[in-house]
> 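Here it is: the structure, laid out below.
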Number of protein chains: 2
Amino acid sequence: MATSAERGRRVRSRLLQAAAVLVAEQGWNAVSTRMVAERAGVAPGLVHYHFASLPALLAEAAVQVMEGVVDGADQALSQARTAAQALELMLADLDRYPGDDPASRLVSEAMLAASRDEGLRAAMAGLLDRFRTRLGDRLAAQGVPDPRRTAAVLAAALDGMMLHRTLDPELTSTAVAPVLGRLLQDGTPDTGQEGHR
Amino acid sequence: MATSAERGRRVRSRLLQAAAVLVAEQGWNAVSTRMVAERAGVAPGLVHYHFASLPALLAEAAVQVMEGVVDGADQALSQARTAAQALELMLADLDRYPGDDPASRLVSEAMLAASRDEGLRAAMAGLLDRFRTRLGDRLAAQGVPDPRRTAAVLAAALDGMMLHRTLDPELTSTAVAPVLGRLLQDGTPDTGQEGHR
DNA sequence: GTTCGCCTTGGACGAGCGCCCAAATTCAGG
DNA sequence: CCTGAATTTGGGCGCTCGTCCAAGGCGAAC
């Protein structure tokens with residue numbers, strides 16, 4: 001049992017990659033088994049040999065890509081020496097692609113799909129928690145106040161800006177970096193914060 | 001020309017409302033003409049009498065709902081007396097619904113659909129610009145630095161947090177308000193900001 | 001009462017869908 | 001060469017899809 005199984009594994013991984021690309025460019029619910037098979041260069045029937053169902057294939061493909069994204073961010077974060085540098089590194093990802101980054105589109109599609117798929121939601125919640133923890137640790141080491149919550153807000157803001165960039169290409173890292181930098185200060189709120197109700 | 005045309009207008013508006021609800025609960029690409037017709041209580045063929053195509057119906061429904069959301073936010077904003085109060089008002093929307101707010105889901109779905117529909121993108125870009133301008137003016141009046149960009153970041157952060165709330169129900173307004181409050185300070189960056197490269 | 005417009009009905013059309021499966025292919029081990 | 005397990009093929013199943021359209025209803029105008 002060697003060559004046969006090995007080729008099988010390769011086909012399986014090609015299907016996963018094709019599925020991830022197609023979700024990004026067509027949308028989660030617009031991807032069909034036949035499209036994935038054609039993109040991967042295999043016969044249509046193979047999809048249901050390697051995967052239990054189409055949703056299962058899409059979920060596995062999305063989780064795989066997103067694990068890569070989080071791992072990449074982890075690694076980049078570990079090289080940052082200041083909180084501001086860490087912020088810059090995260091924002092650099094924002095500019096990496098001109099208008100329609102496949103990876104960030106996949107994340108957005110998966111986020112919406114997760115609200116209708118319990119298993120996918122659990123997997124993504126785990127990834128989000130891992131990312132927040134890593135970023136929060138980094139922020140704490142730099143004296144940023146309320147690091148855990150700040151990391152949660154930063155993560156959400158990054159995803160939100162990736163979404164908004166579709167509508168406004170000028171939402172670049174240089175435009176938002178000075179604003180987000182304010183999040184990293186050890187500010188004492190005196191804007192009238194907490195008007196009680 | 002009275003009763004007949006008037007009933008027609010009512011049917012049209014029922015179709016729009018049904019479409020908006022269905023997009024939120026099933027996803028943009030999972031909504032079919034027959035589903036919308038059934039939900040609106042009319043015959044299937046009526047959809048293509050009142051609308052040119054299914055995507056046209058969905059886009060019009062989404063834009064209509066989102067105009068209402070922005071108008072509501074505008075009005076709420078105009079009653080805020082401080083920047084912190086304005087922030088609180090925006091965040092209150094975040095908590096209004098337990099886990100799956102139909103309106104915010106619709107916004108997210110529309111944002112992704114807009115990346116594949118030029119007309120929808122233009123309409124949403126206009127709405128986003130209007131919201132940012134209103135919020136930016138409000139922030140400027142309160143002495144918040146870089147108000148326009150801060151408004152853009154705040155808007156993106158709000159959308160991002162609505163997305164992330166699907167994965168983490170604990171991402172409530174009380175958890176993020178103190179962090180976002182830092183955005184409203186007139187902070188001088190001394191976290192090492194702008195390490196030049 | 002007849003004509004005229006708009007609104008409405010319900011079904012037809014071809015296409016594509018997810019999933020399934022019997023038969024063909026491949027190849028290491030006997 | 002043969003066996004047997006894994007992989008691959010291509011087409012079939014029942015279904016839903018978006019769109020279209022001929023035919024019917026129905027109130028207003030004359």
Side-chain angles (χ1 to χ4, degrees), chain A residues 1-23 25-62 109-110 113 116-120, chain B residues 1-62 109-110 112-113 116-120:
Chain A
M1 42 137 141
T3 308
S4 204
E6 190 179 344
R7 258 201 329 166
R9 251 173 282 129
R10 244 192 301 265
V11 164
R12 204 188 122 98
S13 123
R14 278 223 310 280
L15 284 171
L16 284 172
Q17 197 209 335
V21 171
L22 285 169
V23 164
E25 73 186 31
Q26 312 276 353
W28 192 275
N29 287 314
V31 175
S32 72
T33 58
R34 288 161 177 84
M35 285 170 64
V36 177
E38 191 192 9
R39 192 74 141 233
V42 302
L46 264 185
V47 169
H48 285 87
Y49 175 77
H50 288 288
F51 299 92
S53 69
L54 178 63
L57 163 59
L58 298 187
E60 185 170 335
E109 293 282 354
R116 296 171 196 104
D117 178 330
E118 182 54 49
L120 181 57
Chain B
M1 40 134 146
T3 308
S4 203
E6 190 179 342
R7 257 200 331 164
R9 249 174 284 128
R10 240 189 306 260
V11 164
R12 204 188 121 99
S13 124
R14 277 223 311 280
L15 283 171
L16 284 172
Q17 197 209 334
V21 171
L22 285 170
V23 164
E25 73 186 32
Q26 311 277 352
W28 192 276
N29 287 314
V31 175
S32 72
T33 57
R34 288 161 176 85
M35 285 169 62
V36 177
E38 190 193 8
R39 193 75 141 231
V42 301
L46 265 184
V47 169
H48 285 86
Y49 175 79
H50 288 289
F51 300 93
S53 69
L54 178 63
L57 163 59
L58 298 187
E60 186 170 334
E109 292 282 354
L112 285 175
R116 296 170 196 105
D117 177 330
E118 182 54 49
L120 181 57

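Here is the naming used below: chain letters follow the sequence lines, and residue numbers restart at 1 for every chain.
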> Suppose the criterion is salt bridge (Lys or Arg N to Asp or Glu O under 4.0 Å): which pairs have a residue in residues 43-58 of chain A, not counting sequence neighbours?
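Listed once each, the pairs would be none.
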> Who pairs with A43(B) by side chain to side chain contact (heavy atoms under 4.5 Å, CB included), at least two apart in sequence or on another chain?
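For A43(B), no residue satisfies side chain to side chain contact (heavy atoms under 4.5 Å, CB included) once neighbours in sequence are set aside.
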> Angle between the end axes of the helix from dG1(C)-dC30(D) to dA28(C)-dT3(D), five pairs per end, to the nearest 10 degrees?
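The angle separating the two end axes equals 0°.
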> Which salt bridge (Lys or Arg N to Asp or Glu O under 4.0 Å) pairs, counting each pair once, include a residue from residues 44-57 of chain B, with sequence neighbours left out?
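Of all non-adjacent pairs touching residues 44-57 of chain B, none passes salt bridge (Lys or Arg N to Asp or Glu O under 4.0 Å).
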> Considering non-hydrogen atoms only, spot the tightest contact between L46(A) and V42(A) and give its length.
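It is CD1-CB, 3.7 Å.
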> By the salt bridge (Lys or Arg N to Asp or Glu O under 4.0 Å) test, which pairs, at least two apart or in different chains, include something from residues 41-61 of chain A?
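Matches after skipping sequence neighbours: R12(A)-E60(A).
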> For nucleotides 14-17 of chain C, give me every protein contact, N/O to N/O, under 3.5 Å, one pair per line with atom names.
from	atom 1	to	atom 2	distance (Å)
dC17(C)	OP1	S32(A)	OG	2.9

> Where do A110(A) and W28(A) come nearest, in terms of heavy atoms and distance?
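Nearest pair, atom of A110(A) first, then W28(A): CA-CZ3, 3.9 Å.
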> For residues 20-41 of chain B, which residue pairs qualify under salt bridge (Lys or Arg N to Asp or Glu O under 4.0 Å), counting only residues two or more places apart or in two chains?
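Salt bridge (Lys or Arg N to Asp or Glu O under 4.0 Å) check on residues 20-41 of chain B returns E25(B)-R39(B).
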> Without decimals, in angstroms, what is the distance between E38(A) CD and dT8(D) C1'?
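In whole Å, dT8(D) C1' and E38(A) CD are 17 Å from each other.
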> Atom CZ of R9(A) to atom C1' of dT26(C): distance rounded to whole Å?
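Whole-Å distance recorded here is 16 Å.
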> Could you check which residues of residues 10-22 of chain B get a heavy atom under 4.0 Å from DNA chain D? Sort them by number, please.
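Output list: empty, so none.
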> Return a table of donor-acceptor pairs under 3.5 angstrom between the side chains of residues 14-21 of chain B and protein atoms on other chains or two or more places apart.
from	atom 1	to	atom 2	distance (Å)
R14(B)	NE	A40(B)	O	2.9
R14(B)	NH2	A40(B)	O	3.0

> Please list residues of residues 46-53 of chain B whose heavy atoms come under 4.0 Å from any atom in DNA chain D, ordered by number; otherwise none.
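Within residues 46-53 of chain B, the residues near DNA chain D are H48(B), S53(B).
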> Throw together a table of side-chain donor-acceptor distances under 3.5 angstrom for residues 47-57 of chain B, partners on residues two or more places apart or in other chains.
from	atom 1	to	atom 2	distance (Å)
S53(B)	OG	A56(B)	N	3.3

> Using the closest heavy atom to pick a nucleotide of DNA chain D for each, name whichever of G41(A) or P55(B) lands nearer the 5' end.
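With G41(A) and P55(B) compared, the 5'-side residue is G41(A).
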> So, using side chain to side chain contact (heavy atoms under 4.5 Å, CB included) as the criterion, who are the partners of N29(B) when residues are at least two apart?
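N29(B): side chain to side chain contact (heavy atoms under 4.5 Å, CB included) contacts with N29(A), A30(A).
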